[in-house]
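A short worksheet on the structure shown next.
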Amino acid sequence: MPRKLGIAAAQLGPVNLADSREAVVKRLVALFREAAGRGAKFIVFPELALTTFFPRYWFEDQAEVDRRFFEPSMPNPVVQPLFDLAREHGVGFYLGYAELTEEEGRTRRFNTAVLVDPDGRIVGKYRKVHLPGHADHKPQAQFQHLEKKYFEVGNRGFRVWRFLDTITGMLICNDRRWPEAFRVLTLQGAEIVALGFNTPTENLHYPEPPALRVHHHLIMAQAMAFQNATWLVETAKCGFEDGFRMFGHSLIVAPTGEIAVKSATEEDEVVFFNADIDLAANLKRTMFNYAAHRRPEHYRLIVERVGAEVTPSSD
Ligand code: ING
């Protein structure tokens, strides 16, 4: 009997600086209801879903950043309606947000996602490991990408959780550019990887054709799902945020590497697929049978070396 699971990517259109968290949560609630109405039992919301993508701006005052963009607790009264809906509908969800917390005697700030079960309980938390962009102010650039300024590198590694009769792992945005992240999750048995993203359409470093950036997004999603024999749900926050465009293309990719469903707009949009979680069983047993085929004794450099160094062989 196949293990079927209704999965939805609940894409958010633009969230502007002036938009309140309350207004955003109203949109998330509407997306939640639509997804649950279509049979979703797992809903994946975007990265940093509650506010505009604030790393595009340089702020001098950290207190202002904390007040406007970070969540000092999760859940909290503003997002509580989502947790209530989870319990009301018996539906789990992934939510990305900016986490402000006190740990080891100091204030910590992470780009975080939580996994919430159908009882409305947080069963898992992931803190983004691969932080793109820069920490310095680039006043000449048309926008900033200050994730290295506003967040610490995640300190919880890459984990999986028993979730809705599956093994589910979480990633965030830039993580999808690093194959190691998917391999660590699927070496732990991940059958579903949930990932929210906010990806600017423009490249702040050089004039990259926007279509090329979407091409990269699509080939990575298909390759990572297939080469790790896992379902992959990637959900965008997108559209023009105060004039700064981010692309959509939220998608659900099967472990065969085929795109099962993809969003068509840069607005609030639900895409849904009734996934057979065991679709990857044959792949995991044959082509991507890690135990039978992987040779870690030859992969040492992946862990020992950070940047590329030319070390040619002499024979
Ligand atoms: N956004 C982008 C992403 O990785 C980026 C940043 C885009 C980095 C393109 C490099 C190239 O999709 C986030 N939030 O990580």
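When a ligand or atom number is given, it counts from 1 through the structure's own listing order. Throughout, numbering of the chain's residues begins at 1 and tracks the sequence.
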Checklist entry - Side chain, backbone, both or neither: which part of His217 has a heavy atom under 4.0 Å from ligand 1? => result neither

Next on the checklist: Quick check for you: to the nearest 0.5 Å, what is the distance between Thr51 atom OG1 and Glu71 atom CD?
Outcome noted: 7.5 Å

Next on the checklist: So if I count the atoms of ligand 1 from 1 in the order they appear, which ones are less than 4.0 Å from some heavy atom of Glu47?
Outcome noted: 14 (N)

Checklist entry - Within a reach of under 6.0 Å around CD of Glu297, are more than 12 heavy atoms found that belong to other residues, nucleotides or ligands? => result yes

Checklist entry - What protein heavy atom is closest to atom 12 (O) of ligand 1, reported as residue, atom name and distance in Å? => result Thr199 OG1, 2.7 Å

Item to check | Row check, Phe197 ring normal vs Arg176 NZ/CZ: under 6.0 Å, within 45° | outcome: yes

Next on the checklist: Checking contacts here: is it the side chain or the backbone of Arg177 that comes within 4.0 Å of ligand 1, counting heavy atoms only? Could be both or neither.
Outcome noted: side chain

Checklist entry - With a cut-off of under 6.0 Å to the ring centre and 45° to the axis, is Lys138 in cation-pi contact with Trp58? => result no

Item to check | Ligand-residue contact atoms, ligand 1 with Pro132, heavy atoms, under 4.0 Å | outcome: 6 (C), 8 (C), 13 (C), 15 (O)

Next on the checklist: Determine whether Glu103 and Arg127 satisfy the following criterion, salt bridge (Lys or Arg N to Asp or Glu O under 4.0 Å), listing intermediate values before the conclusion.
Outcome noted: CA-CA 14 Å; Glu103 255 179 38; Arg127 290 165 168 167; 2.7 Å; yes

Checklist entry - N/O to N/O below 3.5 Å, does that happen between Asn198 and ligand 1? => result yes

Item to check | Heavy-atom nearest neighbour in the protein, as seen from atom 8 (C) of ligand 1, with distance rounded to 0.1 Å | outcome: Asn174 ND2, 3.4 Å

Item to check | Region of Lys128 that comes within reach of ligand 1 [heavy atoms, distance under 4.0 Å] | outcome: side chain

Item to check | Test side chain to side chain contact (heavy atoms under 4.5 Å, CB included) applied to Lys237 and Val15, step by step | outcome: CA-CA 8 Å; Lys237 171 155 66 72; Val15 176; 3.7 Å; yes

Checklist outcome for this item: Of all protein heavy atoms, the one nearest atom 6 (C) of ligand 1 is His145 CE1, 3.5 Å

Next on the checklist: Is the ring pair Trp231/Phe273 parallel, tilted or perpendicular, if the boundaries are 30 and 60 degrees?
Outcome noted: tilted

Checklist entry - With a cut-off of 4.0 Å, which atoms of ligand 1 are near a heavy atom of Glu147? => result 13 (C), 14 (N), 15 (O)

Next on the checklist: As an exercise, identify every atom of ligand 1 less than 4.0 angstrom from a heavy atom of Cys173.
Outcome noted: 1 (N), 2 (C), 3 (C), 12 (O), 13 (C), 14 (N), 15 (O)

Next on the checklist: Measuring only between side-chain heavy atoms, which start at C-beta, is Leu251 closer than 4.5 Å to Val261?
Outcome noted: no

Item to check | ligand 1 versus Arg213: contacting region, heavy-atom distance under 4.0 Å | outcome: side chain

